[in-house]
Amino acid sequence: MDFNLTPEQDMLRQAVREFAESEIKPQILELDAKEQFSVELTHKMGELGLFGITAPVEYGGQGLDTLSYIIAVEELARVDSSHAATVAAENSLGIGPLVNFGNKTQKEKYLPKLCSGKFLWGFGLTEPNAGSDAGGSQTTANLKDGQWVINGSKIFITNASSPITLGSTVQCISGKRPDGKNEISCIIVEQGTKGFTAKEMHHKMLWRASNTAELYFDDVQVPEENLLGERGAGFKQMLKTLDGGRLSIAAMGLGLAQGALDAAIQYSGERKQFGKTIGSFQANAFKLADMATEVEAGRTLLYKACWLKDSNKPYGKEAAMAKLYCGQLARRVANNAVQIFGGYGLMEEYPVARFYRDAKLLEIGEGTNEIQRLVIARHLGCSI
Amino acid sequence: MKIGILLKQVPDTETKIQLTADKTSVDTSAVKWIVNPYDENAIEAAIQLKEKKGGEVIVFSMGPARCVDAMRTALAMGADRAVRVDTADGEWDSYTTAVALAEALKAEGVELVFAGKQAIDDDASQMVQLVAERMGAASLGIIETFELSEDGKSATVTRPVSGGTKEIIQVTLPAVFGCDKGLNTPRYASLPGIMKAKAKPVVEKKGAELLGGETIKIKKMGYSLPPERQPGRKLTGSPQELVDGLVKFLKEDVKII
């Protein structure tokens with residue numbers, strides 16, 4: 001076993017950490033309070049090379065391995081989940097499917113722009129009536145005279161309605177299979193197409209500085225060649241995309257937990273009660289010890305899942321485990337961090353309040369805890 | 001044009017400095033190393049100049065193999081290659097360090113050198129001047145702006161003088177410039193930059209071989225840490241007792257009245 005990171009991965013961690021500390025941290029309190037997406041910070045993250053981290057260099061990507069990507073997301077989430085979400089969603093859901101399933105023309109058209117971070121792309125999967133039951137989606141695409149005619153709606157789509165969004169990959173029912181089940185396909189829809197509305201969602205409890213959209217399709221017509229990959233491959237494409245996406249959500253959980261732990265350790269060394277720093281009380285010191293232990297366990301699990309993926313071994317089970325564990329880890333550690341901060345932890349002025357709110361998404365987004373358990377159980381052979 | 005950077009790897013500003021048991025040097029076993037912060041401004045100045053006028057940016061650093069980590073940061077930011085002057089043999093003070101660095105710079109034909117105005121570890125602030133002297137070049141201690149002339153033979157810089165006044169200086173190259181925080185905003189090492197840095201050459205030179213018989217002029221005899229702060233003493237009692245106690249303390253214990 002070799003647990004050493006490469007010198008490049010170490011440098012990358014350092015660079016992203018410095019960036020997050022000096023560029024995102026000073027702005028996040030205000031962006032979060034005002035529920036504002038920052039184009040400026042997104043472009044800066046683009047200059048740092050945070051979009052298309054695993055995408056091929058020929059299309060403007062960085063051509064790095066999964067672990068490097070996961071470290072970058074982890075370091076962003078250590079400071080702020082909203083910006084980590086922008087990066088994770090864009091890499092795994094925006095850019096990922098175009099890289100994995102797009103044809104040469106589609107890749108050349110979109111990837112260089114997206115990998116520069118100057119523009120964003122959404123992935124429309126969830127619908128108002130189809131969340132965990134992704135197969136129960138209702139948005140349809142009918143092929144007529146060389147055009148896909150799309151009708152339906154999508155919800156909770158990250159990066160899909162920002163001022164710099166170019167379009168989205170949309171999962172649609174494109175017909176019936178011979179066995180009578182729905183045929184699912186992914187279709188590219190650009191912003192500004194007639195009948196297509198992308199509306200920013202507000203009043204979120206968390207990830208408030210990230211862009212979340214509702215998409216409406218009203219007889220939207222796009223050319224037949226906007227089909228991503230093969231017709232009818234949409235469901236498989238979605239499953240593959242989500243396997244990879246789980247790693248980045250796990251990275252967000254790990255990073256958030258690390259950030260909350262760091263804040264709690266620092267505060268325990270500064271805050272005095274009964275004449276002593278609160279970290280010298282066993283109740284708090286042991287809590288910190290447990291938090292640190294769990295963070296370490298989460299990191300080991302997640303990095304191993306990345307290693308499996310980078311070694312081209314099956315990683316679906318471990319990705320689901322990492323997502324499940326790190327999502328819960330984030331909530332537990334953030335909860336304990338707020339406890340250590342006491343009353344001050346309830347104030348937005350301190351980062352742990354935001355960590356506490358942001359953590360909850362990780363048990364719901366990109367597959368709820370329950371769905372992760374379902375995935376893991378099926379890998380174990382349970383007919384569930 | 002060849003543009004040189006003098007870079008020093010220093011302990012992180014948050015490092016708690018510990019001494020070795022014999023107190024003759026700093027215990028570096030648990031130190032986290034960083035690029036000297038002022039050197040980041042030097043790197044940025046060199047890269048900006050290259051972006052405007054072309055040329056090659058070469059990083060020079062003195063120290064053991066671990067220095068390569070710091071040099072890689074400069075390479076990831078955009079420098080082209082690096083020369084590490086190894087300190088394993090030889091005795092080093094500011095003077096011999098400058099002699100060796102100047103030799104390395106001359107060997108590469110570097111005419112324009114950016115350095116941090118000082119290193120934050122020993123704060124000796126001598127390298128800019130000493131290296132310039134050994135190279136037969138001009139030195140400008142602290143610069144806040146930098147502009148190379150059209151023909152590339154001179155540069156115009158401003159430096160602060162007392163009372164907030166700026167001095168505007170034109171200097172003929174070769175020259176060594178000491179960079180301050182206000183000169184520019186150092187860029188972050190980008191992901192593509194980090195990957196490119198991997199393939200950029202870092203050559204090693206033996207420092208002792210560059211000294212040409214020169215020897216150290218000063219020798220560090222030892223280090224001492226600042227004394228630990230004693231806990232304060234709190235007096236209690238009536239106002240009269242407080243005054244008596246304080247006067248007694250000042251007279252008898254610390255003997256300052």
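Here is the naming used below: chain letters follow the sequence lines, and residue numbers restart at 1 for every chain.
Residues passing the ring pair (Phe, Tyr, Trp, His ring centres under 6.0 Å) test with A:Tyr350 are A:Phe341, A:Tyr344, sequence neighbours excluded. A:Asp243 is linked by a salt bridge (Lys or Arg N to Asp or Glu O under 4.0 Å) to A:Arg246, counting only residues two or more places apart in sequence or in another chain. With sequence neighbours left out, B:Phe114 forms a ring pair (Phe, Tyr, Trp, His ring centres under 6.0 Å) with B:Phe146, B:Phe177.
Between the side chain of A:Asp310 and the backbone N or O of A:Leu67, at least one donor-acceptor pair lies under 3.5 Å.
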Test side chain to side chain contact (heavy atoms under 4.5 Å, CB included) applied to A:Leu50 and A:Val16, step by step: CA-CA 9 Å; A:Leu50 293 179; A:Val16 179; 4.0 Å; yes
Report the donor-acceptor contacts between chain A and chain B below 3.5 Å as a table, one pair per row.
| residue | atom | partner | partner atom | Å |
| --- | --- | --- | --- | --- |
| A:Ser22 | OG | B:Tyr188 | OH | 3.2 |
| A:Glu23 | OE2 | B:Tyr188 | OH | 2.8 |
| A:Leu48 | O | B:Leu191 | N | 2.7 |

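A:Trp121 pairs in a side chain to side chain contact (heavy atoms under 4.5 Å, CB included) with only one of the listed residues (A:Leu93, A:Leu98, A:Asn159, A:Ile95), which is A:Leu98.
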